[in-house]
Amino acid sequence: MNWIILIIAGLFEVGFTSCLGKAKHTTGTEMYLWYGGFGVCLTVSMLLLMKATQALPLGTAYAVWTGIGAVGTVLVGIFIFKEPTDFWRVFFIFTLIASIIGLKVVSTH
């Protein structure tokens with residue numbers, strides 16, 4: 001269950017970084033709504049991370065959380081914000097995913 005909580009926390013990390021990206025491309029009320037979404041996602045992500053680290057090793061949990069956030073944010077950047085993609089960018093995304101899976105496999109919890 002703690003791994004599921006950690007994955008959800010990582011997805012909320014993707015949410016708060018995506019909200020920042022959307023906010024910078026908007027103005028007025030819409031911008032403030034995206035910043036509000038940032039605040040909500042940030043809070044939920046941190047609370048879930050805090051809950052997951054009560055049972056999982058801190059270093060592993062943090063690395064997995066940031067890894068999910070990094071991979072997810074890069075993918076959102078590519079598919080939503082039309083950021084460039086090339087061989088090396090995709091290669092390193094896959095190595096990051098492999099590292100996240102590796103940490104889960106070798107974790108004692």
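Owing to the predicted nature of the structure, the values given are computational and were not obtained by experimental measurement. Basis for what follows: all heavy atoms, side chains included, without hydrogens, waters or symmetry-related copies. Index from 1, following the sequence.
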State which residues pass side-chain contact (heavy atoms from CB on, under 4.5 Å) with Leu42; sequence neighbours excluded, sorted by chain then number. Phe16, Phe38, Met46

With sequence neighbours excluded, give me every salt bridge (charged side-chain N to carboxylate O under 4.0 Å, His left out) pair touching residues 13-34. none

How would you list, by chain and number, every residue that makes a side-chain contact (heavy atoms from CB on, under 4.5 Å) with Thr29, sequence neighbours excluded? Leu33

Provide the closest heavy-atom pair for Gly67 versus Ile100 in the form atom of the first, atom of the second, distance. C-CD1, 3.3 Å

Hey, any chance Trp3 and Leu49 share a hydrophobic cluster, counting ILVMFWY side chains that come within less than 4.5 Å of each other, even indirectly? yes

What side-chain hydrogen bond (donor to acceptor under 3.5 Å, both in side chains) pairs are there with at least one residue in residues 37-52, not counting sequence neighbours? Ser45-Trp65

What is the minimum heavy-atom distance between Gly37 and Cys19, and which atoms define it? C-SG, 3.7 Å

For the hydrophobic clusters of this structure (ILVMFWY residues joined by side-chain heavy atoms under 4.5 Å, transitively), does one cluster hold both Val44 and Leu11? no

Quick one: side chain to side chain donor-acceptor pair (under 3.5 Å) partners of Thr60, sequence neighbours excluded? none

Not counting sequence neighbours, which residues clear side chain to side chain donor-acceptor pair (under 3.5 Å) with Thr73? List them please. Thr17

Within one Ile-Leu-Val-Met-Phe-Trp-Tyr cluster: Leu20 and Val14, side-chain cutoff 4.5 Å: no

side-chain contact (heavy atoms from CB on, under 4.5 Å) filter on Thr66, not counting sequence neighbours, yields Tyr62

Who are the side chain to side chain donor-acceptor pair (under 3.5 Å) partners of Thr53, not counting sequence neighbours? none

Check whether any side-chain heavy atom of Leu48 sits under 4.5 Å from a side-chain heavy atom of Leu6, and report yes or no. no

So do Ile78 and Ile93 actually touch side chain to side chain, heavy atoms under 4.5 Å? yes

Could you tell me if the side chain of Ile7 sits less than 4.5 Å from the side chain of Ile4, heavy atoms only? no

Euclidean distance, Trp34 CH2 relative to Cys41 SG, rounded to 0.5 Å: 9.0 Å

Listed partners of Phe91 passing side-chain contact (heavy atoms from CB on, under 4.5 Å), at least two apart: Phe87, Trp88, Thr95

Given the rule that I, L, V, M, F, W and Y join up when any side-chain heavy atoms are under 4.5 Å apart, are Leu96 and Val105 in one cluster? yes

Same hydrophobic cluster for Leu75 and Ile101, using side-chain heavy-atom links shorter than 4.5 Å among ILVMFWY? yes

What do you reckon, is OH of Tyr32 surrounded by more than 12 foreign heavy atoms closer than 6.0 Å? no

Members sharing Leu47's hydrophobic cluster (side chains within less than 4.5 Å): Met50

Considering only residues two or more places apart or on different chains, which pairs with a residue in residues 77-89 satisfy salt bridge (charged side-chain N to carboxylate O under 4.0 Å, His left out)? Glu83-Arg89

